Every structure is written in structure tokens, then in C-alpha cells.
Student: 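This is the structure I have questions about; it appears just below.
A quick note: this is a predicted structure, and the numbers were derived from the prediction, not measured.
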Amino acid sequence: MKTWRSASLVATAAAMLALTTACGQEKGDQSPNGQNVGNQAPAKSDGYGAGDGYGADTGDAKEGAGKAKAAGQLAVWDSKKLGKVVTDSEGRTLYRFDKDTAQPPKSNCDGACATTWPVASPEGAAPPPGVDKSLLGEVTRSDGSKQLTIDGWPMYRYAKDTKAGDAKGQGVGGTWYAAAPDGKKAAPAADEAEPPAETAPVDPAGLSTRKDPELGEIVVDKNGMTVYRFTKDSAWPMKSACTGACLEKWPVVPPVEKNDTKGILKKGFVVFDRPDGQRQQTIDCWPMYTFAGDKKPGDTNGQGVGGTWYAAGPDGKPVGAPK
């Protein structure tokens with residue numbers, strides 16, 4: 001019995017060693033799933049690509065754009081592309097944030113986020129003609145200020161919208177959308193939307209590759225969006241140098257089953273348990289990300305950002321990065 005137990009313990013230890021060695025976790029202060037990694041200083045703007053549109057750096061935003069302004073008399077803008085969009089008294093598009101909640105109303109956009117997405121103050125707010133006044137409300141933010149809500153959803157402007165009719169915030173980060181007069185996401189009427197395809201497309205793999213005309217074979221996610229590597233990360237030991245505001249610009253690729261891939265290297269295809277609680281897919285033990293600045297499949301706007309972000313190849317290497 002003692003001999004059998006000793007053999008079992010040896011086999012278990014060998015299996016654990018194989019897992020840790022695969023991603024360079026043999027260091028004494030690293031756990032097999034990388035839970036103690038990535039504790040370096042938060043990402044800075046130099047080389048992290050986190051500033052454009054997310055932090056205090058709002059690019060071409062006007063001075064003072066982060067300050068709350070009275071919503072005043074709301075109106076409705078009928079956009080062929082977006083449908084009916086609610087605007088403030090200045091004709092500025094109002095937005096809602098997917099990470100907020102409406103029941104109960106709560107804003108999760110504070111700090112640098114609220115600089116890029118200034119809150120709409122409920123002061124003087126009146127509903128657009130034909131819209132029930134009971135849909136309008138307000139929520140008290142974490143700093144004690146008041147924010148306009150429509151059907152419970154907190155309302156914001158976008159700092160890069162510089163004039164009436166702008167809707168540059170639509171779809172940013174996959175979480176920000178122009179608001180309809182009833183608080184829902186604005187959408188074109190059914191008869192104005194693009195007709196559905198005659199046959200449904202084949203469901204793509206969770207991670208696969210595509211041939212980019214300039215970069216060659218690169219990894220894409222289930223939605224066809226380009227997947228990126230960060231050269232400041234580490235695979236041995238596994239660490240992510242993208243934290244805090246950086247993750248708003250570079251969202252992590254969530255875990256993908258090995259059998260839900262096509263053309264991707266399976267060695268080191270493990271899930272990284274980040275210190276911030278998120279779980280991130282890796283290729284060859286390198287953490288993988290998408291880019292909030294890519295708006296449609298085929299975009300590679302993140303390529304070369306800060307000299308540190310590059311599209312990932314099927315082997316996890318950064319495509320086009322300097323040797």
C-alpha cells in the first residue's frame with residue numbers, strides 16, 4: 001500500500017511539473033495558473049496604447065469636455081445608420097454604457113472614464129416630444145453628483161463628439177452605444193436594416209487565422225477581430241503588463257476550448273488566471289488581446305501601436321515586431 005501511494009504522489013508531481021514548465025511557472029513565486037503574476041506597476045501611456053479615448057488623454061476632445069453639462073430639453077435625431085437617437089439641448093448625442101446597470105440605476109464610469117465620457121446632468125431635463133416623462137430620472141454617482149437616466153440607464157456624452165450630429169462614440173470598446181429615446185440602444189427600423197443573408201454563415205471557430213494582405217497569417221477571434229500580442233508581457237514566467245486603463249483599450253481574449261480552434265498552435269494553449277480576476281486565453285503561454293480601436297473584422301488598427309502591440313501569429317509570436 002505504501003509503495004502504491006508513493007508512486008501515485010510521484011505521478012501527480014510529474015504532471016504538475018509538466019504544466020508549470022510549459023509556461024515557465026517553475027519559479028518559486030509563481031502558481032501553475034499564473035495567479036501571482038502581473039503585479040508590476042500599472043500600464044503607462046508610453047507604449048501601452050491605453051490613452052486614446054479612454055484615459056485623460058482624449059486626443060482632439062475640447063478643453064473642459066469632461067465636465068458635466070445640463071441635459072436641458074432633449075430631442076430626437078433620426079439617423080439613417082443608427083435609427084432614432086436621443087440628444088441633449090445642444091444636439092449632442094447621448095450614450096449608454098453596457099457595464100452600467102438600469103435596475104437599479106448605477107454608473108460604473110468614473111475617473112478617467114468620466115473624462116472621456118462626460119455625464120449628462122439631469123438639470124433642466126425635459127423629454128423629447130411624444131416621449132413619456134416618467135422614463136426620465138436621475139442617479140447619484142459615487143462622487144455625490146447627479147446624472148440623468150433614461151429608463152434607468154445613465155446618460156453620457158462623448159468627448160470626441162465636437163458638434164451636433166456627431167456619433168463617434170458608437171460601438172467604442174464594444175460597450176458604448178448611442179441611446180434611443182426610450183433608453184435602449186439606438187437601432188434602425190426593421191425595414192431600413194440590411195436584409196438578412198439567404199443562408200446563415202457557418203459558425204466560425206473561437207480562434208482561427210486569416211490571411212492579411214500586409215501581415216500574412218494572423219489570429220482572429222470568433223467575430224473575425226484581430227488578436228494581438230503585447231511585447232511587454234512575459235510567457236516564462238507568464239505575466240501581463242497590461243492592467244487598469246490599458247485593459248479598456250486592449251480587452252483580454254476570454255478562454256477558448258482547444259477543440260474550438262483552427263490553425264492555432266496547441267502547445268502552451270492554456271488559460272491565464274490574471275491577478276485582477278479575469279481569465280485570459282494564451283497561445284504558447286503568451287496572453288492574447290483584442291483592440292478597442294478595431295471596429296470591424298479585418299481591421300488591424302492596433303498593429304505597431306506604441307511600438308509594443310502587434311498582431312499575433314498562429315504560433316503566438318508578434319507579427320511584424322522588430323527582431
Student: Determine whether more than 12 heavy atoms belonging to other residues, nucleotides or ligands lie under 6.0 Å from atom NZ of Lys296.
Tutor: no

Student: Of all the heavy-atom pairs spanning Ser234 and Pro287, show the shortest one and how long it is.
Tutor: O-CD, 4.2 Å

Student: Rounded to the nearest 0.5 Å, how far apart are CG of Asp212 and CD of Glu214?
Tutor: 6.5 Å

Student: Measure from the side-chain N and O atoms of Glu123 to the backbone N and O of Gly72, and report whether any donor-acceptor pair falls under 3.5 Å.
Tutor: no

Student: Does any part of the side chain of Leu136, heavy atoms only, come nearer than 4.5 Å to the side chain of Asp151, both counted from C-beta?
Tutor: no

Student: Before accepting this row, confirm whether a basic side-chain N of the pair Arg141/Asp110 lies closer than 4.0 Å to the acidic partner's carboxylate O.
Tutor: yes

Student: Answer yes or no: does atom CD of Glu217 have more than 12 heavy-atom neighbours from other residues, nucleotides or ligands under 6.0 Å?
Tutor: yes

Student: State, yes or no, whether a side-chain contact exists between Pro127 and Leu74 at a heavy-atom distance under 4.5 Å.
Tutor: no

Student: Before you tell me yes or no, could you show the steps for Asp161 and Lys168 under salt bridge (charged side-chain N to carboxylate O under 4.0 Å, His left out), namely the whole-Å CA-CA distance, both residues' side-chain angles and the distance that decides it to 0.1 Å?
Tutor: CA-CA 6 Å; Asp161 286 350; Lys168 298 174 184 177; 5.9 Å; no

Student: So, Gln303 side chain and Ala311 main chain: donor-acceptor pair closer than 3.5 Å or not?
Tutor: yes

Student: Considering residues at least two apart in sequence or located in another chain, which fulfil the side chain to side chain contact (heavy atoms under 4.5 Å, CB included) criterion with Ala75?
Tutor: Thr87

Student: Can you give me the closest heavy-atom contact between Val219 and Gly313, atom names plus distance?
Tutor: CG2-O, 3.3 Å

Student: Identify every side-chain donor-acceptor pair in residues 314-323 under 3.5 Å, counting partners at least two apart or on other chains, and give the distances.
Tutor:
from   : atom 1 : to     : atom 2 : distance (Å)
Asp315 : OD1    : Lys317 : N      : 3.1

Student: Once rounded to the nearest 0.5 Å, what's the spacing between atom SG of Cys285 and atom CE of Met238?
Tutor: 4.5 Å

Student: Is any side-chain heavy atom of Leu82 closer than 4.5 Å to one of Pro188?
Tutor: no

Student: Check for me, please, whether Met225 and Leu207 land in the same ILVMFWY cluster - side-chain distances under 4.5 Å, paths through other members count.
Tutor: no

Student: Run the numbers on Lys239 and Asp233 for side chain to side chain contact (heavy atoms under 4.5 Å, CB included), then give the verdict.
Tutor: CA-CA 6 Å; Lys239 291 183 179 180; Asp233 286 351; over 6 Å; no

Student: CD1/Ile218 to NZ/Lys211 distance, rounded to the nearest 0.5 angstrom?
Tutor: 10.5 Å

Student: For Asp299, does its backbone N or O pair with a side-chain atom of Thr226 as donor and acceptor, under 3.5 Å?
Tutor: yes

Student: Other residues, nucleotides and ligands only: do more than 12 of their heavy atoms fall within 6.0 Å of NZ on Lys262?
Tutor: no

Student: Quick one: closest heavy-atom pair of Ser107 and Cys109, and the distance?
Tutor: OG-N, 3.3 Å

Student: Return yes if some donor-acceptor pair links the side-chain N/O of Asp294 with the main-chain N/O of Asn301 below 3.5 Å, else return no.
Tutor: yes

Student: Looking at side-chain heavy atoms only, is the closest gap between Val256 and Thr261 below 4.5 Å?
Tutor: yes

Student: Of all heavy-atom pairs between Gly171 and Tyr177, which one has the smallest distance, and what is that distance?
Tutor: CA-CE2, 3.9 Å

Student: Could I get the full list of salt bridge (charged side-chain N to carboxylate O under 4.0 Å, His left out) partners for Lys185, not counting sequence neighbours?
Tutor: Asp98

Student: Can a donor-acceptor pair be found between the side chains of Lys146 and Ser121 at a distance below 3.5 Å?
Tutor: no

Student: Once the angle between the rings of Trp176 and Phe97 is folded into 0 to 90°, is it parallel (under 30°), tilted (30 to 60°) or perpendicular (over 60°)?
Tutor: parallel

Student: Name the orientation class of the two ring planes belonging to Tyr95 and Tyr158 (parallel below 30°, tilted from 30 to 60°, perpendicular beyond 60°).
Tutor: perpendicular

Student: List the residues meeting salt bridge (charged side-chain N to carboxylate O under 4.0 Å, His left out) with Arg157, not counting sequence neighbours, and say none if there are none.
Tutor: Asp88

Student: Starting at CE of Met155, measure out to CD of Gln147 and round the result to the nearest 0.5 Å.
Tutor: 8.5 Å

Student: Verify side chain to side chain contact (heavy atoms under 4.5 Å, CB included) between Ser208 and Val220, making sure each step is shown before the conclusion.
Tutor: CA-CA 6 Å; Ser208 58; Val220 295; 3.5 Å; yes

Student: Do Met288 and Thr282 make a side-chain contact, defined as non-hydrogen atoms from C-beta onward lying under 4.5 Å apart?
Tutor: no

Student: Would one find more than 12 heavy atoms of other residues, nucleotides or ligands at under 6.0 Å from atom CD of Gln278?
Tutor: yes

Student: According to salt bridge (charged side-chain N to carboxylate O under 4.0 Å, His left out), who are the partners of Asp260, at least two apart in sequence or on a separate chain?
Tutor: none

Student: Identify the two heavy atoms, one from Ala292 and one from Gly173, that lie closest to each other, and give their separation to 0.1 Å.
Tutor: CB-CA, 3.8 Å

Student: Looking at Thr93 and Asp166, would you say the former's side chain and the latter's main chain have a donor-acceptor pair under 3.5 Å?
Tutor: yes

Student: Linking I/L/V/M/F/W/Y whenever any side-chain heavy atoms sit under 4.5 Å apart, do Leu265 and Val227 land together?
Tutor: yes

Student: Does any non-hydrogen side-chain atom of Ile150 lie less than 4.5 Å from one of Val86?
Tutor: yes

Student: Is there a side chain to side chain contact (heavy atoms under 4.5 Å, CB included) between Arg274 and Leu247? Walk through the geometry before answering.
Tutor: CA-CA 12 Å; Arg274 297 173 55 89; Leu247 292 174; 3.4 Å; yes

Student: Would a distance-only check, ignoring hydrogens and angles, find a side-chain to backbone donor-acceptor pair under 3.5 Å from Gln170 to Ala178?
Tutor: yes

Student: Among Trp236, Tyr228, Phe230, find the residue that satisfies the ring-ring contact (aromatic ring centres under 6.0 Å, His included) test when tested with Trp286.
Tutor: Trp236

Student: With rounding to the nearest 0.5 Å, note down the distance linking NZ in Lys106 to CH2 in Trp153.
Tutor: 12.5 Å

Student: Okay, side chain of Gln281, backbone of Val270: is any donor-acceptor separation there less than 3.5 Å?
Tutor: yes

Student: Under the rule for salt bridge (charged side-chain N to carboxylate O under 4.0 Å, His left out), what residues qualify as partners of Lys81, not counting sequence neighbours?
Tutor: none

Student: Give the minimum heavy-atom separation between Gly137 and Pro122, together with the two atoms involved.
Tutor: O-CB, 4.4 Å

Student: Could you go step by step and tell me if Asp78 and Val85 meet the side chain to side chain contact (heavy atoms under 4.5 Å, CB included) rule?
Tutor: CA-CA 6 Å; Asp78 200 351; Val85 176; over 6 Å; no

Student: Taking side chain as C-beta onward, heavy atoms only, is Asp284 less than 4.5 Å from Lys267?
Tutor: yes

Student: Donor-acceptor pair, Arg210 side chain versus Gly298 backbone, under 3.5 Å?
Tutor: yes

Student: Do Pro251 and Tyr289 have side chains that approach each other closer than 4.5 Å (heavy atoms only, starting at C-beta)?
Tutor: no

Student: Could you state whether Val139 and Tyr156 fall into the same hydrophobic cluster, counting links through intermediate Ile, Leu, Val, Met, Phe, Trp or Tyr residues with side-chain heavy atoms under 4.5 angstrom apart?
Tutor: no

Student: Treating Ile, Leu, Val, Met, Phe, Trp and Tyr as nodes and any side-chain heavy-atom pair under 4.5 angstrom as an edge, say whether Val172 and Val119 lie in one connected cluster.
Tutor: yes

